[in-house]
Amino acid sequence: MKSPLLSLPGAVPGEGPDEGVAAHYGDLFREQRALADGTGFVDLSHRGVVTVNGADRLSWLHLLITQHVSELPPGQATEALILSAHGHIEHALYLVDDGETTWAHVEPDSQGDLIAYLESMKFFYRVDIADRTDDYAVVHLPAGSITEAPEDTVVRETPHGRDLFLPRARLTDFAEASGPAIGVLAYEALRVEAHRPRVGLETDHRTIPHELGWIGSAVHLQKGCYRGQETVARVQNLGKPPRRLVFLHLDGSEVTLPSHGAPIRLASEGEEGRQLGFITSSARHHELGPIALALVKRNVPVDAELIADSTAAAQETVVEP
């Protein structure tokens, strides 16, 4: 779905999972500083929007997702995962309930698979699941923003800012009243800085929540059964995850950033050494310079100097080994 805000002056289209919205509007670092200062907004209208109505919506969702939501108060934001039977991450849902409807935004183009799974689990529960992506656009206001949400807009408020479920027909008017528009590259740079994982980038087909630090924030350990819970409990109580998320400060003299999937090796072994992990996300930060998130094997020493492709990388611990 192509955003109408790509017609704004200076808009450069995003790529990969963020195709359809602007990567930036001509000045990446200015946009990052504005976002960090609590001004402007980010067009995330490419993300999927799913709603669940019905009297049983929260108790039913509670049985399917990793988060405790059976008594979720109206207006309280939370996030949750859907796992495979083996405990691997399939979806991340960014949720809020307005008292009548549960709203979630999800990764672009993933809502179809998510809804197919939810529909298969309805059984006799009084729930109605809908894809509202055509009708609603997600817009992000950063923490500290004084911009008021339009009347009757569903708002999901977190420590990182507010996500608005804005009627898509009002997106252009909102942009005119609430600028400046900020591209998704600035949003992603601050996400990487904050060590916040994203499905499809920090995950692959075998990622479990413990590897990314999602225990606690998206996985509630004191709730009833859900698909994949056995793996979560076993790793939590008896073992350690095979990999761990790390934050990397990259060599600033390199012209290009290592891309998603770039191999991680020990610097002491050079570019022909054993692969110990891979880059998941990389960004140029307005203060920190080039940074990245990576998944590495759990036994990689926390003080080891690494290389991503040929770029030197110093690591900070996100998930303890």
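Nothing fancy with the numbering, it's 1 onward along the sequence.
Judged by distance alone, the side chain of Arg298 and the main-chain N or O of Pro241 form a donor-acceptor pair under 3.5 Å. The main-chain N or O of His86 is found under 3.5 Å from a side-chain atom of Thr231 such that the two form a donor-acceptor pair. Side-chain N or O atoms of Gln67 include one that pairs as donor or acceptor with a backbone N or O of Glu79 at under 3.5 Å. Between the Thr317 side chain and the Val319 main chain, no donor and acceptor come within less than 3.5 Å of each other. Put simply, the side chain of His62 gets close to the backbone of Val69: a donor and an acceptor are under 3.5 Å apart. In terms of modelled atom types and a separation under 3.5 Å, the side chain of Asp56 and the main chain of Ser59 share no donor-acceptor contact. Under the 3.5 Å distance criterion, the side-chain polar atoms of Ser178 are left unmatched by any main-chain donor or acceptor of Ala175. Remark: the backbone N or O of Ala233 is paired with a side-chain donor or acceptor of Asn237 at under 3.5 angstrom. When atom types are taken as modelled, the side chain of Arg274 and the backbone of Arg265 share no donor-acceptor pair closer than 3.5 angstrom.
In this structure His46 satisfies the ring-ring contact (aromatic ring centres under 6.0 Å, His included) test with no other residue, sequence neighbours excluded. Applying the salt bridge (charged side-chain N to carboxylate O under 4.0 Å, His left out) rule to Arg191 yields the partners Glu188, Glu202; only residues at least two apart in sequence or on another chain are considered.
Surrounding NZ of Lys122 are more than 12 heavy atoms belonging to other residues, nucleotides or ligands, all under 6.0 Å away. Within a 6.0 Å sphere centred on CD of Glu148, heavy atoms belonging to other residues, nucleotides or ligands number 12 at most. In the displayed structure, Glu254 atom CD is contacted under 6.0 Å by more than 12 heavy atoms of other residues, nucleotides or ligands. Residue Lys223 qualifies as enclosed at atom NZ: its count of foreign heavy atoms under 6.0 Å is above 12. Within 6.0 Å of the CG atom in Leu238, the count of heavy atoms belonging to other residues, nucleotides or ligands exceeds 12. Counting non-hydrogen atoms of other residues, nucleotides and ligands closer than 6.0 Å to CD of Gln236 gives a total above 12.
Between Ser281 and Val192 the shortest side-chain heavy-atom distance falls below 4.5 Å. Between Val21 and Leu44, every side-chain heavy-atom pair lies at or beyond the 4.5 Å cut-off. Taking the side chain as every heavy atom from C-beta outward, Val106 and Tyr94 never approach each other to under 4.5 Å. Using a 4.5 Å heavy-atom threshold, the side chains of Asp163 and Val155 count as separate. Side-chain contact between Leu295 and Thr207 is present, with heavy atoms from C-beta onward closer than 4.5 Å. By the 4.5 Å heavy-atom criterion applied to side chains, His68 and Gln222 are not counted as neighbours. Between Val232 and Leu221 there is a side-chain heavy-atom pair separated by less than 4.5 Å. In this structure the side chain of Tyr25 never reaches within 4.5 angstrom of the side chain of Ile182, judged on heavy atoms.
In plain terms, the two heavy atoms of Leu6 and Lys2 that are nearest each other are CD1-CG, 3.5 Å. Residue Arg198 comes nearest to Pro17 through the heavy atom pair NH2-CB, 3.9 Å, listed as atom of the first residue, atom of the second, then distance. For the pair Phe41 and Gly179, the tightest heavy-atom approach, listed with the atom from each and the gap, is CE2-CA, 3.9 Å. The two residues Arg168 and Ala137 have their closest heavy-atom pair at NH2-CA, 3.9 Å.
Cation-pi geometry between Arg227 and Tyr117 is satisfied (NZ or CZ under 6.0 Å from the ring centre, within 45° of the ring normal).
Donor-acceptor pairing under 3.5 Å is lacking for the side chains of Asp251 and Thr311. Side chains of Trp103 and Asp98: a donor-acceptor N/O pair is present below 3.5 angstrom, by distance only. With hydrogens and angles left out, the side-chain atoms of His285 and Glu193 include a donor and acceptor closer than 3.5 Å. Side-chain atoms of Asp37 and Thr39 form no donor-acceptor pair, as typed in the model, at a separation below 3.5 Å.
Of the charged side-chain nitrogens involved, at least one lies within less than 4.0 Å of a carboxylate oxygen, so that Arg243 and Asp204 count as a salt-bridged pair. A salt bridge is absent between Arg57 and Glu100: the closest approach of a Lys/Arg side-chain nitrogen to an acidic carboxylate oxygen does not fall below 4.0 angstrom. Salt bridge annotation for Glu211-Arg244: absent, with no cationic side-chain nitrogen under 4.0 angstrom from a carboxylate oxygen. The existence of a salt bridge linking Arg132 and Asp135 is confirmed by a sub-4.0 Å separation between a basic side-chain nitrogen and an acidic carboxylate oxygen. Salt bridge Arg47/Glu107: present, at least one basic N to carboxylate O contact under 4.0 Å.
Between His105 and Phe165, the two ring planes are tilted [angle within 30° to 60°].
Two rings, from His140 and Tyr187, have their centers less than 6.0 Å apart.
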For this session: Step by step, work out the side chain to side chain contact (heavy atoms under 4.5 Å, CB included) result for Thr102 and Leu61.
Result: CA-CA 9 Å; Thr102 302; Leu61 281 169; 3.8 Å; yes
Exercise. Can you list the steps and then say if His88 with His205 is a ring-ring contact (aromatic ring centres under 6.0 Å, His included)?
Worked result: CA-CA 7 Å; His88 301 138; His205 67 284; 7.3 Å; no
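Each side chain to side chain donor-acceptor pair (under 3.5 Å) pair with one or both residues in residues 300-310, not counting sequence neighbours, would appear here, but there are none.
Hydrophobic clustering (ILVMFWY, side-chain heavy atoms < 4.5 Å, transitive): Tyr226 and Val50 are in distinct clusters. Leu164 and Val42 are members of different hydrophobic clusters when ILVMFWY side chains are connected at heavy-atom separations under 4.5 Å.
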